[in-house]
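Input: a single structure, listed below in structure tokens.
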Amino acid sequence: MVKFIVITGGVVSSIGKGITSASIGRILRSHGLKVGAIKIDPYLNWDSGTLNPYQHGEVFVTYDGMETDLDLGHYERFLDVELPGISNITTGKVYKSVIEKERKGDFLGACVQIIPHITDEIKEMVRKTAKIEKFDVILVELGGTVGDIESQPFLEALRQLRNEEGHDNVLFVHVTHVPYLKAAGEFKTKPTQHSTKELRSTGINPDMIVCRSERSIDKNMKEKIAHFCDVPFNAVINTTDASTIYEVPLLMDEEKVGEYISDRLKLDLDTDTYKLDGWKEIVKSLKKEDPTVMIGVVGKYIELEDAYISIKEALLHGGGKNGVKVEVKFVDSDVDYLNKEVLDDLDGILIPGGFGERGVEGKLEAVDYAIENDVPIFGICLGMHSMVIQIARRTGLKNANSSEFASNLEHPVIDMMEEQKKVKNMGGSMRLGSYDCRLVENTVAKSIYEQNLIKERHRHRYEFNNEFREQLVEGGLVLSGFSPDGFLVEIVELKNHPWFLGCQFHPEFKSRPSNAHPLFVSFIKAAYEHSKRRKKQVLNSN
Ligand code: GLN
């Protein structure tokens, strides 16, 4: 029988509910349980595909092509699983499904209401996801904070779930913030008390309170929280700000979270034996302080780091695997000209995906800089497009561009896919999810992957225009990965460059701290070599 762990949040948003949930999952997974996860987003959008990355951060793409909330990325990385798209439930999906049923006549005679129709639909969606992979435990994280109007039907449905599944099978975790007031010189538990009260008013009594705080809170504080929030003392867990998010499972394990959950849900785990050794090693490799390599991510969504979160994490995983610390510098591509001094400090350049013309010229400049200065460069999706455009321009096609940015182009080296030309709706209509890619012998890509056929996730409308294959290959471009029918170009490289690779897909979604993505490992290795060359040059010039 599957066990449900529901995670709600209170006091403020962005307190790390996703990381807290993923860390609980990691602890249970280390005990050999099969752990899955669901993220509920109470907004009305059907999926996160059309949301602005400035507001909601990156759109994470699942293997089956769903555009989802970035928390699913945390879950995949912490739990080392591939989650299906139905793991992201939104108000939009719930209502659409209920209204479709109503139109079909499934509720004939009934007045369709939030209770029971919407709440039943929510429970059905949660149970369906839990069943799909036969999970032992499923984490259900409710986005937003308790008290939001949009969350109410979900809280009600989750309350009903506890009654229906039974007390031993559903556990509620409430994550709150315990602020430290400098002026008073103490921590304040009142916001935690209030948000727990708010949660209680929905009929849900939390089983565990996770208190996020800058520094550790003491035993007295914990006793106070236990008393006022009506949970056992050992169910008050304190997680302080960690130097890496991957350390949070270790911090929570010290607080004996696994033991409490095992008792409460009757999981019968062997909690006497320490299970997180492997994870501890990973954290150690990610906390290494030197040597350092500096990677510039040249993009336009740089005000919110979460917009590139999977890329940042994949770079860090690549660093861990190479025994180096990766420092990520976000470089704004939406400027009149890129500051060459900023680029001069970089050991590697990564050009991420993106949409629209704004900021593209800066990306093209970065490609040019990397070619001229032999700096390792990695292009992902729009990053690969930028590489192809710039190489085309350098080989004489002066006005080469992507038809995403201008119409009636003389040299549309990147063009819209045929099937995309018929598409009318913007939502969920790109080439999405996992596709096979065949690698070409004697290429950098082949030597990195050491496989003939790979699977990677996509999210795009435009692609390499085959009309320009011959000309660009003559100009030094190497086509090293294709769709199995040979029609779509999936990977490009450049001859006589230390490390130059662009891919149409998004490898960052498949990187794990426990299993860094080979392209990122190879890129960081090349960047480290470049940093050594750079240091030597500086020494020589002094
Ligand atoms: N905007 C480009 C396209 O639609 C690239 C997309 C991306 O970088 N994910 O093809």
Side-chain angles (χ1 to χ4, degrees), residues 47-54 56-63 65-68 70 73 297-302 304 306-312 314 330 333-334 349-364 366-367 377-390 392 400-407 409 412-435 437 456-466 468 481 483 487-492 501-511 517 519:
D47 65 16
S48 61
T50 55
L51 288 174
N52 188 338
Y54 282 128
H56 282 264
E58 146 191 300
V59 174
F60 185 80
V61 182
T62 57
Y63 68 88
M66 185 72 75
E67 297 171 282
T68 71
L70 58 80
V297 174
V298 184
K300 69 172 167 179
Y301 309 119
I302 59 158
L304 185 69
D306 275 359
Y308 298 120
I309 190 157
S310 289
I311 285 185
K312 186 176 165 207
F330 290 96
S333 65
D334 185 23
I349 295 174
L350 189 147
I351 310 198
F355 294 83
E357 192 184 8
R358 193 169 61 79
V360 168
E361 289 300 322
K363 293 181 177 183
L364 298 180
V367 174
I377 182 163
F378 190 1
I380 293 177
C381 207
L382 186 61
M384 172 188 128
H385 295 176
S386 309
M387 287 171 154
V388 173
I389 295 167
Q390 191 59 23
N401 210 338
S402 161
S403 33
E404 181 176 4
F405 314 129
S407 44
L409 286 171
V413 287
I414 302 293
D415 201 6
M416 191 176 263
M417 293 185 272
E418 259 330 295
E419 71 258 34
Q420 284 293 331
K421 293 185 181 156
K422 296 171 239 139
V423 168
K424 295 261 175 331
N425 281 347
M426 291 301 273
S429 55
M430 283 186 259
R431 183 178 183 225
L432 288 167
S434 189
Y435 284 90
C437 166
E456 294 283 3
R457 300 185 199 173
H458 293 246
R459 182 176 186 244
H460 63 112
R461 283 183 216 287
Y462 295 84
E463 62 171 319
F464 186 100
N465 185 345
N466 286 333
F468 297 91
S483 55
F487 191 70
L488 303 175
V489 174
E490 303 278 33
I491 310 179
V492 302
L501 189 142
C503 50
Q504 185 57 80
F505 46 78
H506 291 268
E508 69 272 23
F509 296 140
K510 285 182 75 177
S511 188
H517 192 287
L519 288 180

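Hydrogens, waters and symmetry mates play no part in the numbers below; they use all other heavy atoms, side chains included. Just so you know, these numbers come straight off a predicted model, no measurement behind them. Both ligands and their constituent atoms are indexed starting at 1 by order of listing.
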Exercise. Does the distance from a Lys or Arg side-chain N to an Asp or Glu carboxylate O, for Glu67 and Arg459, drop under 4.0 Å?
Worked result: yes
Problem set entry | Within reach of ligand 1, part of Glu463 (heavy-atom separation under 4.0 Å) | neither
Problem set entry | Over all atoms of both residues, closest heavy-atom pair of Phe378 and Pro507 | CZ-CG, 3.9 Å
Exercise. Which residue and non-hydrogen atom of the protein lie closest to atom 9 (N) of ligand 1, and at what distance in Å?
Worked result: Arg459 O, 2.9 Å
Exercise. Nearest to atom 7 (C) of ligand 1 by heavy atom, Ser402, Ser386, Cys381, Gly383: which?
Worked result: Cys381
Problem set entry | N or O contact, Leu382 vs ligand 1, cut-off under 3.5 Å | yes
Problem set entry | Gap separating the CZ atom of Arg457 from the CE atom of Met66, nearest 0.5 angstrom | 13.0 Å
For this session: Pick whichever of Arg461, Gln504, Met430, Glu357 has a heavy atom sitting closest to atom 3 (C) of ligand 1.
Result: Arg461
Problem set entry | Ligand-residue contact atoms, ligand 1 with Gly353, heavy atoms, under 4.0 Å | 8 (O)
Problem set entry | Polar contact flag for Glu404 and ligand 1 (N/O pairs, less than 3.5 Å) | yes
Exercise. For the residue pair Tyr301 and Tyr308, does the interplanar ring angle fall in the parallel (under 30°), tilted (30 to 60°) or perpendicular (over 60°) class?
Worked result: tilted
Problem set entry | Identity and distance of the protein heavy atom lying nearest atom 5 (C) of ligand 1 | Gly354 O, 3.4 Å
Exercise. Going by the order shown, which atoms of ligand 1 are within less than 4.0 Å of some heavy atom of His506?
Worked result: 9 (N)
For this session: Search all heavy atoms of Ser403 against all heavy atoms of Pro412 and return the closest pair with its distance.
Result: OG-CB, 4.4 Å
For this session: To the nearest 0.5 Å, tell me how far Ile491 CD1 sits from Gln504 CD.
Result: 10.5 Å
Exercise. Distance only, no hydrogens: is a donor on one side chain within 3.5 Å (strictly under) of an acceptor on the other, for Glu58 and His506?
Worked result: no
Exercise. For atom 10 (O) of ligand 1, what is the nearest protein heavy atom, given as residue, atom name and distance?
Worked result: Tyr462 N, 2.8 Å
